[in-house]
Amino acid sequence: TVAAIAAGPSLMSRESYTAIQLFLVITGAAYGVFLAAHSRTTHVGLERAYSAHLEELSQRLRNMAYRDAVTGLYNHRYFREQLSHELERSARYGQPLSMILMDMNNFKEINDRYGHFMGDKFLGLVGEVIDRQIRASDVGARYGGDEFVIVLPNTLPEEAALTGEKLVAAVASCAAMTATGETVELGVSYGVASFPSDAKTAGELIQQADVRLYAAKAQRKDGRRKRSPAA
């Protein structure tokens, strides 16, 4: 048959020869389509895998850009962006917004006594407490140094104060130990400010929370002096 095909239509009818030629052409074309489709499927799979890898890498880079390495919370940059965003949304929908500014008590003394490595460890403990205690809609961040900030959307001042007290209790009860096994008592103080009752802008909100934070710290120090044996 092969010889007949090679010899052309002289050894078989023209119709049979044409049919066989057509069959060979169609078979070859189908095989070509199969190879192309297989190659395209493989290529699409590689493209999807590469795209997923790029997305994962992009997410890691975003986390690095917006996360504080010591506490695991968001950093100051992310906090400012989210505070502006939440203020705009609160103003648009007429919802309250509160903010807690918090810092650690006697952190300088802790650093001086136990060193900066242990100081960073205790900052990380406080960051973990904040992350566990706040809502998914809240934004917990390291403001700077030993200061922390929490943005609480759709939250009234008295509700924010309750959250602040809950955080004070949670930090006080966390197990903070040095490398030598010495227990360290951690504490925090906080100030609350709310939109629109206390402030209309992000700067005013931060300033008011800062004033109330330092008032709380002064009150705590006064109370400690009054409770001392010399009082």
So N75 and R142, do their side chains get closer than 4.5 Å, heavy atoms only? no
Salt-bridge criterion met for D146 and K108 (N-O under 4.0 Å): no
Checking Y74 against Q82 for the side chain to side chain donor-acceptor pair (under 3.5 Å) test, could you report, in this order, the C-alpha distance in whole Å, the side-chain angles of both residues, the deciding distance, and whether it holds? CA-CA 10 Å; Y74 289 110; Q82 290 303 301; over 6 Å; no
If you take all heavy atoms of A202 and L83, which pair is closest and at what distance? CB-CD2, 3.7 Å
Can you confirm whether L156 sits close enough to E159 that some side-chain heavy atom of one is under 4.5 Å from a side-chain heavy atom of the other? yes
Side chain to side chain contact (heavy atoms under 4.5 Å, CB included) assessment of D210 paired with E147: CA-CA 10 Å; D210 192 50; E147 290 187 318; 4.3 Å; yes
When you measure from the side chain of D68 to the backbone of T71, do you find a donor-acceptor pair of N or O atoms at a distance under 3.5 Å? yes
Nearest 0.5 Å please: distance from the CD atom of E86 over to the CG atom of N154. 9.5 Å
Nearest heavy-atom pair of R89 and P153: which atoms, and what distance? NH2-CB, 4.4 Å
Does any pair with a residue in residues 118-132 pass side chain to side chain donor-acceptor pair (under 3.5 Å), and if so which ones, sequence neighbours excluded? none
Please work out whether the ring planes of H76 and F79 are parallel, tilted or perpendicular, with thresholds of 30° and 60°. perpendicular
Begin from the C-alpha positions of Q133 and V129 and carry the test side chain to side chain contact (heavy atoms under 4.5 Å, CB included) through to its verdict. CA-CA 6 Å; Q133 294 291 332; V129 169; 4.1 Å; yes
Considering all heavy atoms of both residues, which atom of S98 and which atom of S194 are nearest to each other, and what is their separation? OG-OG, 2.6 Å
Is there a path of hydrophobic side-chain contacts, each under 4.5 Å between heavy atoms of I/L/V/M/F/W/Y residues, joining Y214 to L205? yes
Give me each pair satisfying side chain to side chain donor-acceptor pair (under 3.5 Å) with a member in residues 173-188, each pair once, sequence neighbours excluded. R113-E182, Y114-E182, T178-T180
CD (Q207) and CG (L101) are apart, to the nearest 0.5 Å, by 12.0 Å
Can you tell me how far apart SG (C174) and CE (M177) are? Round to the nearest 0.5 Å. 12.0 Å
R80 CZ to H85 NE2 distance, which is reported to the nearest 0.5 Å: 16.0 Å
Quick one: do the N105 and S189 side chains pair a donor with an acceptor below 3.5 Å? yes
Do E204 and F195 have side chains that approach each other closer than 4.5 Å (heavy atoms only, starting at C-beta)? no
Apply side chain to side chain contact (heavy atoms under 4.5 Å, CB included) to V126 and F148, showing your working. CA-CA 9 Å; V126 174; F148 300 86; 3.6 Å; yes
Heavy atoms, side chains only, cut-off 4.5 Å: are I150 and L152 in contact? yes
Heavy-atom check, side chain of Q208 versus side chain of D198, under 4.5 Å: yes
Would you say the side chain of I206 lies within less than 4.5 Å of the side chain of Y143, judging by non-hydrogen atoms? yes
Are Y78 and I134 grouped together when hydrophobic residues (ILVMFWY) are joined by side-chain heavy atoms under 4.5 angstrom apart? no
Take I130 and L167 through the test side chain to side chain contact (heavy atoms under 4.5 Å, CB included) and record every step on the way to the result. CA-CA 7 Å; I130 292 173; L167 288 168; 4.2 Å; yes
With clusters defined by side-chain heavy atoms of hydrophobic residues (ILVMFWY) lying less than 4.5 Å apart, directly or transitively, does L186 cluster with F117? yes
Linked, directly or transitively: L213 and V171 (ILVMFWY side chains, under 4.5 Å): no
Minimum heavy-atom distance between A193 and A209, given as atom pair plus value: CB-N, 3.6 Å
According to the ring-ring contact (aromatic ring centres under 6.0 Å, His included) rule, which pairs have a member within residues 157-182, sequence neighbours left out? none
Any donor-acceptor N or O pair under 3.5 Å, side chains R135, T155: yes
For the hydrophobic clusters of this structure (ILVMFWY residues joined by side-chain heavy atoms under 4.5 Å, transitively), does one cluster hold both I100 and L162? no
Are L87 and L97 packed together at the side-chain level, in the sense that at least one heavy-atom pair is separated by less than 4.5 angstrom? yes
So, Y66 side chain and L73 main chain: donor-acceptor pair closer than 3.5 Å or not? no
Quick one, L123 and M104 - any side-chain contact, counting heavy atoms below 4.5 Å? yes
